[in-house]
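Shown next, in structure tokens, is the structure this report addresses.
Lettering of chains follows the sequences in order, A, B, ..., and the numbering in each one begins at 1.
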There are 2 protein chains.
Amino acid sequence: MPKQVDHEERRRRIADAVCGLIDERGLEAATLRDVAARAEVSMGAVQRCFRTKDEMLRFALRHIGDRIADRVRARLLAGPAQSAASALGHAATELALLRAEHRAEARIWLAFVARAAVDPGLAELLRAGYAEPEDLLVRLLAEAGAPGARREARTLLALADGLTAHVLLGRLDAEEAGELLHAHLAALWARTA
Amino acid sequence: MPKQVDHEERRRRIADAVCGLIDERGLEAATLRDVAARAEVSMGAVQRCFRTKDEMLRFALRHIGDRIADRVRARLLAGPAQSAASALGHAATELALLRAEHRAEARIWLAFVARAAVDPGLAELLRAGYAEPEDLLVRLLAEAGAPGARREARTLLALADGLTAHVLLGRLDAEEAGELLHAHLAALWARTA
DNA sequence: GGCTTTCCGATGCGGCTGCATCGGTACCGG
DNA sequence: CCGGTACCGATGCAGCCGCATCGGAAAGCC
């Protein structure tokens, strides 16, 4: 049993490189050569970790999806959450990736969404990634007493994604997007009461 | 003055080919060769019409943007619009590209949005394309007596785009997305009254 | 310490990319 | 009817792509 490497660690490192390239220059800039260079491994190593480029991209997608989901979860656990309503505000803001330091994740996610529109395999992966956040929102909404929780959760998720896209386009700044999201929730609570 | 061709007609024909390819296989499938083949012209002709591939893509974006805007305008003029509220429902539904026959336009638009996230030039073009629809929504909202018309218009636009994306992902079907959009508007009217 | 086994980095290959070039063709004015 | 010109289609070119290959380096077992 010679020369063992931590494959998982390497995969993650490569996934980070993929994400970095997508963030800076788009999905089509994530070529095997450039990914290898950025991850500071050889092309051969990349090919060993992932049988095909497609597999690499899928892994990167799961990678970033997990990162976002983890952060949302952490945010909810960290904040004591005085009410389900305020917890929902935090969760939604987090999901919309409005903070500047998460702009990169937003760009990456958007890139995958666009490709998923013409790649059923990716679409399925993305749908899976949305399942947990949606359930989370549904739970919080139900807890806050909002009627039609599933409906509202889906609306909220779509709104969050739309706002994210518009921020990336430079049509809205993050602050304004945050206000719009907040206003939507405020209207929801007004209706609930 | 020999052999004159209608350049504008040709440009439009090429733009249609570009859009077709983007719809079916994504933005990166719009190569000069494939575009030329689909438009049934030679590669040379494409290069004559557009100095660079980038210029071709920009033209295609304006092309499809105009098509959508025209349809929304036509829809409002055609329908007698009993009220500003119902006109708004129609406009928003149209903008969200929910009807199956406009799924292609939705995919194309999403592809451009994703690229715009890493291409400032495209982003500017897209922002310009959003200006008119936003103003239209603002006008209708103001006419319907909604407070904070600009705010609501932007929220509506983001929601429409988000819903479009989720329909393309297969997370929502068009019917459900329509209902969510409608519910959002209904809540808005309830608040207005 | 050699041997086997696992890993990896470099290189090669066919194919595709956007773009530049250029000879031939079809047309219009005279 | 013919000269000149605007056009176009084919081809060439340099570069990049994903993937396959393979010789050699590194590490545990005997």
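- Taking a 4.0 Å limit (strictly below) on heavy-atom distances, residues 20-30 of chain B does not reach DNA chain D anywhere.
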Please enumerate all protein N or O atoms sitting under 3.5 Å from an N or O of nucleotides 9-11 of chain D, with distances to 0.1 Å.
{"unit_1": "D:dG9", "atom_1": "OP2", "unit_2": "B:Ser42", "atom_2": "N", "d": "3.2"}
{"unit_1": "D:dG9", "atom_1": "OP2", "unit_2": "B:Ser42", "atom_2": "OG", "d": "2.1"}

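- Taking atom NZ of B:Lys53 as the reference point, atom P of C:dA20 lies 15 Å away to the nearest angstrom.
- As rounded to whole Å, 14 Å separates atom P of C:dG18 from atom CD1 of B:Ile14.
- The pair A:Arg99-A:Glu94 counts as a salt bridge, with a side-chain nitrogen and a carboxylate oxygen less than 4.0 angstrom apart.
- Summarising the local packing, CD of A:Glu55 is surrounded by more than 12 heavy atoms from other residues, nucleotides or ligands at distances under 6.0 Å.
- Counting only heavy atoms from C-beta outward, the side chains of A:Ile22 and A:Ile64 never approach each other to under 4.5 Å.
- Annotation: side-chain hydrogen bond (donor to acceptor under 3.5 Å, both in side chains) contacts of B:Glu134 (sequence neighbours excluded): A:Arg171, B:Arg150, B:Arg154.
- Using bins of under 30°, 30° to 60° and over 60° for the plane-to-plane angle, the ring pair B:Trp109/B:Tyr130 lands in the perpendicular bin.
- Computed from coordinates, the A:Glu40 CD to C:dG9 C1' distance equals 15 Å when rounded to whole Å.
- Remark: B:Leu126 CG to B:Phe112 CZ distance equals 8.0 Å, nearest 0.5 Å.
- Electrostatic pairing of B:Arg58 and B:Asp54 counts as a salt bridge here, judged by a charged N lying under 4.0 Å from a carboxylate O.
- When the C1' atom of C:dC8 is taken as reference, atom CZ of A:Arg11 falls 17 Å away, rounded to whole Å.
- Here D:dA6 presents its P atom at 12 Å from NE2 of B:His7, a figure rounded to the nearest Å.
- Going from atom CG of B:Asp54 over to atom C1' of C:dG18 covers 12 Å, rounded to whole Å.
- No more than 12 heavy-atom neighbours from other residues, nucleotides or ligands sit within 6.0 angstrom of CD on A:Glu124.
- For B:Asp34 and C:dC19, the CG to C1' distance is 16 Å, given to the nearest whole Å.
- Taking the charged nitrogens against the carboxylate oxygens, B:Arg13 and B:Asp16 have no contact shorter than 4.0 Å, which rules out a salt bridge.
- The phosphate of C:dG18 has neither OP1 nor OP2 within less than 4.0 Å of any side-chain N or O from B:Thr52.
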